[in-house]
Participant: 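I'd like to ask some things about the structure below.
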Amino acid sequence: MIRSVIRGTGSYLPEHIMTNEALTERVDTTDEWIRERTGIRQRHIAAEGETTSDLATHAAKRAIKDAGLEASDIDLIVLATTTPDYTFPATATIVQERLGMHHGAAFDVQAVCSGFIYAIKVVDAMLRTGAAKNALVIGAETFSRLLDWDDRTTCVLFGDGAGAVVMSAEEGEGTNEDRGMLSTLIRSDGRHRELLYVDGGPSKTGTVGHVRMIGNQVFRHAVTDIAAAMKECAAQVGLDMTDVDYCVPHQANQRILDGVGKRLKLRPEQVISTVALHANTSAASVPLALDTAIKDGRIKDGHLVMLEAFGGGFTWGAALFRL
Ligand code: ACO
């Protein structure tokens, strides 16, 4: 049985760090409010002229190197983003060109904060059916460009960054002991668009728009839907959450991470958290946190790892793999 195995990871954060303290000079907020309600201490913000493809290319190069491959070995790039360089072409094709790749295929996936999980689902299916051999899956955002810097209810929550993984098709035994993706699940429900959306776009307004969110309502949906998705994702292959070594969640809010962890009876140290340092980097947040926990030695070969995310749409999902 062919499995899609995570072979390397990489990430990149823009140089400039914006602390909570710095935000208090722009909006009526406090470091204390932001820390207590979200756990966020700081976020990285892309420099003027630094684009999503810049961040994505740095992360991609690191992931390819970590996988022990060359860019020429990659035959598929799927990039999850809500903040593309241009309306078209896809940011994935810009990264493809910058990696010096002129073969295979590259395209973007748009599912806001759940984008990386959606991209994993697509790539897993393509690798297992022989459509590609070595894929780059990237989550990259310059989310700061979508923020209304006068709106304290949203601008304190987000940051910029990129994370990438290389996934390769490898032969497995067909059991849950195999390395690679064991189960993936994606969901959406368009009824809740008004709770979390951007108020602009090429077809509707001809503008980029700004993020709008009814945070406390999003919070309630997120905790319930994420917990259910992870349980179902594990159950699809006859496992449950007690089998999981680590959970790498979308980094929106420490209180969401704690709430979901509690519901699923995970120990706090099993839930990887980078939200304090990165804030919510939308599609980049899961691969950024995954790279962090692999590089610092917490997640090791053989561990069973659950990824999850929730975002605008609503969209949400989970993916279970063995490293
Ligand atoms: N500083 C100070 N006060 C603030 C700030 C701020 N930055 N922002 C809001 N407040 C105030 C509000 O105005 C409100 O004041 P009021 O009681 O006088 O009206 C009070 O704080 C409480 O506001 P709530 O929205 O109820 O606060 P809550 O505890 O829910 O925290 C938060 C808000 C952090 C946004 C939380 O709801 C949250 O994290 N929601 C989920 C976000 C999320 O998961 N997003 C998903 C993905 S994002 C994506 O897909 C793009």
Side-chain angles (χ1 to χ4, degrees), residues 18-43 52 80-84 109-118 139-161 186-190 192-201 208-227 229 249-261 273-276 278-286 288-289 307-317:
M18 187 186 279
T19 60
N20 291 347
E21 209 51 55
L23 271 165
T24 64
E25 287 159 26
R26 305 182 78 140
V27 284
D28 179 17
T29 190
T30 60
D31 174 47
E32 196 189 5
W33 190 95
I34 301 171
R35 280 184 196 232
E36 265 179 21
R37 300 287 177 128
T38 71
I40 297 166
R41 299 207 303 263
Q42 62 176 49
R43 69 287 293 140
T52 296
T81 190
T82 300
T83 46
V109 161
Q110 156 57 305
V112 205
C113 298
S114 313
F116 188 75
I117 304 293
Y118 273 60
E141 302 278 15
T142 45
F143 217 81
S144 59
R145 309 264 153 80
L146 290 180
L147 298 176
D148 174 352
W149 289 98
D150 293 324
D151 177 9
R152 68 176 183 173
T153 68
T154 51
C155 77
V156 304
L157 303 173
F158 296 93
D160 301 332
I186 56 172
R187 294 278 184 272
S188 65
D189 186 343
H192 306 297
R193 186 182 63 82
E194 303 266 311
L195 299 181
L196 177 54
Y197 68 105
V198 163
D199 61 5
V208 171
H210 292 119
V211 175
R212 305 294 173 208
M213 177 165 77
I214 314 289
N216 47 15
Q217 293 195 47
V218 176
F219 190 104
R220 278 202 297 278
H221 282 278
V223 173
T224 315
D225 292 343
I226 288 167
H250 170 50
Q251 309 286 320
N253 184 323
Q254 187 61 44
R255 282 160 54 218
I256 298 181
L257 270 54
D258 295 343
V260 171
S273 175
T274 56
V275 69
H278 305 163
N280 181 346
T281 56
S282 185
S285 95
V286 170
L288 256 168
L307 312 177
E308 58 87 341
F310 183 91
F314 289 153
T315 54
W316 66 100

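Numbering starts at 1 and runs along the sequence shown. Whatever order the structure lists ligands and atoms in, that order sets their numbers, starting from 1.
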Participant: For V211, which part has a heavy atom under 4.0 Å from ligand 1: side chain, backbone, both, or neither?
Facilitator: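 Answer for V211: neither.
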Participant: Heavy atom under 4.0 Å from ligand 1: found in V156's side chain, backbone, both, or neither?
Facilitator: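 Only the side chain of V156 comes within reach of ligand 1.
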Participant: Test Y118 against S188 for side chain to side chain contact (heavy atoms under 4.5 Å, CB included), laying out the working first.
Facilitator: CA-CA 11 Å; Y118 273 60; S188 65; 3.6 Å; yes
Participant: Applying a heavy-atom cut-off of 4.0 Å, say which part of A222 lies close to ligand 1: side chain, backbone, both or neither.
Facilitator: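 For A222, there is no contact with ligand 1 at all, from either part.
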Participant: Would you kindly specify which portion of T29 sits under 4.0 Å from ligand 1, judged on non-hydrogen atoms: side chain, backbone, both or neither?
Facilitator: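 Both backbone and side chain.
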Participant: May I ask you to check if ligand 1 and N280 share an N or O to N or O distance below 3.5 Å?
Facilitator: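 Among all N and O atoms of N280, none is under 3.5 Å from an N or O of ligand 1.
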Participant: How about atom 50 (O) of ligand 1: does it have a protein heavy atom within less than 4.0 Å?
Facilitator: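 Yes, because at least one protein heavy atom sits under 4.0 Å from atom 50 (O) of ligand 1.
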Participant: Identify the protein heavy atom lying closest to atom 14 (C) of ligand 1, giving its residue, its atom name and the separation to 0.1 Å.
Facilitator: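 Protein heavy atom at minimum distance: R152 NH2, 4.9 Å.
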Participant: Quick one: does Q217 get a heavy atom under 4.0 Å from ligand 1?
Facilitator: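 So Q217 does not count as touching ligand 1.
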Participant: Considering only heavy atoms, does T82 approach ligand 1 within less than 4.0 Å through its side chain, its backbone, both, or neither?
Facilitator: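 No part of T82 is near ligand 1 at this cut-off.
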Participant: Side chain or backbone of I34 under 4.0 Å from ligand 1, or both, or neither, by non-hydrogen atoms?
Facilitator: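 Neither part.
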Participant: Regarding ligand 1, does F310 bring an N or O atom to under 3.5 Å of one of the ligand's N or O atoms?
Facilitator: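 The answer is no, given that F310 and ligand 1 share no N or O pair closer than 3.5 Å.
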Participant: Quick one: sort the H192 and H221 rings into parallel, tilted or perpendicular, breaks at 30° and 60°.
Facilitator: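 H192 vs H221 ring planes: tilted.
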Participant: Just to confirm my output: which protein heavy-atom neighbour is closest to atom 43 (C) of ligand 1, and how far is it?
Facilitator: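 Sorting protein heavy atoms by distance from atom 43 (C) of ligand 1 puts V218 CG1, 3.7 Å first.
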Participant: Taking 4.0 Å as the limit for heavy-atom contacts, which would you say applies to V27 with ligand 1: side chain only, backbone only, both, or neither?
Facilitator: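 Neither part.
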Participant: Which residue owns the protein heavy atom closest to atom 32 (C) of ligand 1, what's the atom, and how far is it?
Facilitator: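 Looking only at protein heavy atoms, the one closest to atom 32 (C) of ligand 1 is N253 ND2, 4.4 Å.
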Participant: Salt-bridged, D148 to R212, with N to O below 4.0 Å?
Facilitator: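 Judged by the 4.0 Å cut-off on N to carboxylate O distance, D148 and R212 do form a salt bridge.
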Participant: Out of curiosity, is S282 lining ligand 1, as in a heavy atom under 4.0 Å away?
Facilitator: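 No, S282 has no heavy atom closer than 4.0 Å to ligand 1.
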Participant: Hey, what do you get for CG (D160) to CD (E141), rounding to the nearest 0.5 Å?
Facilitator: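 CD of E141 is found 8.5 Å from CG of D160.
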Participant: List ligand 1 atoms under 4.0 Å from T38, heavy atoms only on the residue side.
Facilitator: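 Heavy-atom distances to T38 below 4.0 Å select 34 (C).
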Participant: If you measure from OG1 on T29 to CZ on R152, what distance do you get to the nearest 0.5 Å?
Facilitator: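 So the OG1 of T29 and the CZ of R152 are separated by 7.0 Å.
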